[in-house]
Peer 1: 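Structure provided below as structure tokens; questions to follow.
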Amino acid sequence: MEENRNNNKKQDNKSKINRRDLLKGLATVPVFGAFAYGVWRKKKLDHYRSHKLSKELNMSPTPVAEAKLIWDGEPMRIGIIGYGIRGTQLMKGAGFIHPDEMQEWKDGAATNSSDRRYNEYKEQDDLNVVVNGVCDLFDLRTKRAQEAAANVNREAHGGTPGKEPKIYTDYRELLKADDIDAVIVATPDHWHAKITIDAAHAGKHVYCEKGFTRTLEEVFAIRDAVKETGIVFQLGHQGRQTESYIKAREAIEKGLVGDINLVEVCTNRNSPNGAWVYDIDPKGNENTIDWKQFEEPCEVKHPFSAERFFRWRCWWDYGTGLSGDLLTHEYDAINQIIKMGIPETAISSGGVYFFENEKHFVNEVREVPDVWNAVFEYPDKNFSMLYSATLANNRDRGKVIMGHDGHMELGNNLSVYACGESTRYKDKIESGLIDPDVPIYSYIPGRKDVDAVASPTEQYFAGRGLLYTYRGGKRVDTTHLHIKEWIECIRENKKPSCNIDRAFEEGISAAMATISYKENRMITWDKDKEEVS
Amino acid sequence: MDINQSQTKFQQWALVILRVAIGWQLLYEGIVKLLNPNWSSVGYLMDSKGIFAGLFHAMAGNPDVLRVVDFMNVWGLVIVGAALILGLFTRVAIYGGIALLSLYCLSHPALLNVRYAIPSEGSYMWINKNLIEIIALLVVLVFPTWYTIGIDRFIFKNKVEN
């Protein structure tokens, strides 16, 4: 009886939903109430923070727009003077890659789906330029430059090349050519002034690679020639095109960090390549290299030296080491953001501490330091700028602009933090709206994209915005954008971002730091007389 | 179910709380991603280590695949989390949860001497919290509390005991 009753009860339970069923079946539903309340609180707090903060900071919400280059007229006719490491990169930026490299990228894309260099290069804007002349002092390089310039369809091996440009063994002949409107100068630094001045007088527009010059006098001479002739001049600081730097300028103008008192910039590398102890091409010899022309601007002539030719950045005769090569990138990045110009004083020190001669050089003695620090003072603007570099350790120390109200960390990304003792943000820090450990403003260009940069050096540059930036979420080579801007300015008769005035500021500042190191004293700039003492 | 009948009420509620807690955690992970328009799994995938790293890197490298992975991950977390809390199609949700967590384990295995970009809040050797969550889901699976506490009680009536 009892068993029957129980069975009937069970049957009843299964056929209809009673109160007990409802309570048990829906017992966990109220959990959603608590969950939804939590999510609502979080959303409200997030919204309040971002709304209040964006109102307080007043930063524009739009990303940096991509400049469209529309030119259906005649192609710009360019010549390349110097086709070493940097000249090769500049030619790529202009749209001319050597088929060997394109093949390497094509193979890379075939074996690694995250290697997008091949497709990205194919998508790079066509600047509507032709290369009509190439010049280098090393025969093999001129030949390669010619092959790259003829690769008009950006193809790997087996493509259909276009017309080959003329090879010039002396840049003066190239400057005389009627079929060249503008030149890219990517020679060692000791040739920059002479070639740029001659090009300006020949009426050719100039894109000149940094370091601007080797000496102080050359800075003035180039400025005079460019201003006198009215050519369009662009100095090769491709960091000018970095999206985060452009946003950083807006953040500084809107006073996000308050009054700036200290700027810290650094270079950190740790490889022979990073210290300019490049490989020596075994085919480079007195028959294949025009050594006499290479040394032409030097006061003291040296016998042929493949080491000096391929590793020229290590000697004062041809360059200025960390000063012109790497301080200038950092200086120009900051100059584009805070427009501080030439410092009142400069002092620097350092030495050759790691890349000593017996370890890294065969016949020559390295002159330029591998560890070097410079301090620029701006008393009229109430801040100091420190540059610190080592070529024997690659710990990334970043780029920081410090103000009374906060600091800004810069790279490809931009982060602004409030200072715990800030006056401007005091109330908001106390109310909990601002946490000094969390950025009050961040800018991460193309954040949904993937980086597939290859070598550590490439990564080093990418981290500093020297290699790639993002426009409209698309990864773009900053060198390409910088050349594009220059070409656009020539066509529209405008001033490029790193024009002769910015180049002058960079050149004088770097020269002051170089002189300070060489003469072991503080160097002063008189801005009214435009004199260094 | 015999296994449920032999449980005390405390044991049964403890298992329900475990189920709901896992659901809560997965649901919130999904909701946070859903609310952030800039969220993408790309960084996580690129940070993958171990023998399957190549596969996860390839997923990150292909924008079309990445879109599918992002969508499946976010909605997978939301649906699995909500289902575990409600006790709705719970068995399927558990399998889904185990599948998602297994992918996290395979992409970020707690190997010796492997360091990930996202700092870990603890120290793990082979067993990490994702793996423990998988094991916890297995425990939830073998004690089907949803026939008693959960909407499945109405759907799978023939399995309901009390």
Side-chain angles (χ1 to χ4, degrees), chain A residues 6 9-18 20-47 50 61 63 108-109 111-120 413 442-453 473-475, chain B residues 12-13 16-17 19-21 23-25 27-28 30-32 34-43 45-46 53-67 70 81-88 90 145-162:
Chain A
N6 279 344
K9 205 176 166 185
K10 270 188 181 176
Q11 283 301 114
D12 285 350
N13 279 347
K14 283 186 180 180
S15 59
K16 64 177 182 187
I17 296 169
N18 58 29
R20 181 188 161 85
D21 274 329
L22 270 179
L23 281 175
K24 286 204 164 186
L26 304 177
T28 55
V29 173
V31 170
F32 276 103
F35 188 89
Y37 174 72
V39 171
W40 175 73
R41 283 285 308 269
K42 178 193 155 46
K43 266 202 87 172
K44 200 177 154 197
L45 193 66
D46 286 354
H47 178 74
S50 70
T111 52
N112 175 8
S113 59
S114 62
D115 185 344
R116 290 159 56 194
R117 291 174 298 178
Y118 179 76
N119 287 328
E120 280 172 355
N413 304 334
S442 293
Y443 189 73
I444 305 164
R447 58 197 295 188
K448 274 207 162 191
D449 214 334
V450 194
D451 260 342
V453 284
K474 197 172 100 180
R475 197 170 70 160
Chain B
Q12 199 171 69
W13 275 103
V16 171
I17 290 167
R19 191 190 87 204
V20 170
W24 178 289
Q25 192 264 328
L27 176 62
Y28 190 64
I31 292 285
V32 162
L34 201 61
L35 293 178
N36 178 0
N38 277 309
W39 179 82
S40 164
S41 59
V42 66
L45 292 171
M46 288 306 290
L55 178 71
F56 292 105
H57 293 168
M59 285 180 183
N62 184 323
D64 297 326
V65 174
L66 188 64
R67 262 192 295 279
D70 283 355
L84 285 174
I85 295 172
L86 289 172
L88 175 65
T90 324
T145 54
W146 49 92
Y147 296 135
T148 313
I149 311 289
I151 295 173
D152 281 342
R153 182 187 177 94
F154 308 129
I155 299 167
F156 304 98
K157 283 190 174 180
N158 56 334
K159 296 195 177 175
V160 175
E161 290 302 322
N162 51 38

Peer 1: Can you say whether L35(B) sits under 4.5 Å from chain A via the side chain, the backbone, both, or neither, judging by heavy atoms?
Peer 2: side chain

Peer 1: Using non-hydrogen atoms only, which part of L22(A) is less than 4.5 Å away from chain B: side chain, backbone, both, or neither?
Peer 2: both

Peer 1: Identify which part of L86(B) has an atom lying under 4.5 Å from any heavy atom of chain A, answering side chain, backbone, both or neither.
Peer 2: both

Peer 1: Measure the CH2-OG1 distance between W146(B) and T28(A) for me, rounded to the nearest 0.5 Å.
Peer 2: 13.0 Å

Peer 1: So which part of L27(B) gets closer than 4.5 Å to some heavy atom of chain A, the side chain, the backbone, both or neither?
Peer 2: both

Peer 1: So, for K24(A) and T148(B), which heavy atoms are closest and what is the spacing to 0.1 Å?
Peer 2: CB-O, 3.4 Å

Peer 1: Would a 4.5 Å heavy-atom cut-off, applied to side chains only, mark F154(B) and L26(A) as touching?
Peer 2: yes

Peer 1: Would you name the heavy atoms of F32(A) and I85(B) that are closest together and state the gap between them?
Peer 2: CE1-CG2, 3.6 Å

Peer 1: Identify the two heavy atoms, one from W24(B) and one from A34(A), that lie closest to each other, and give their separation to 0.1 Å.
Peer 2: CH2-C, 3.9 Å

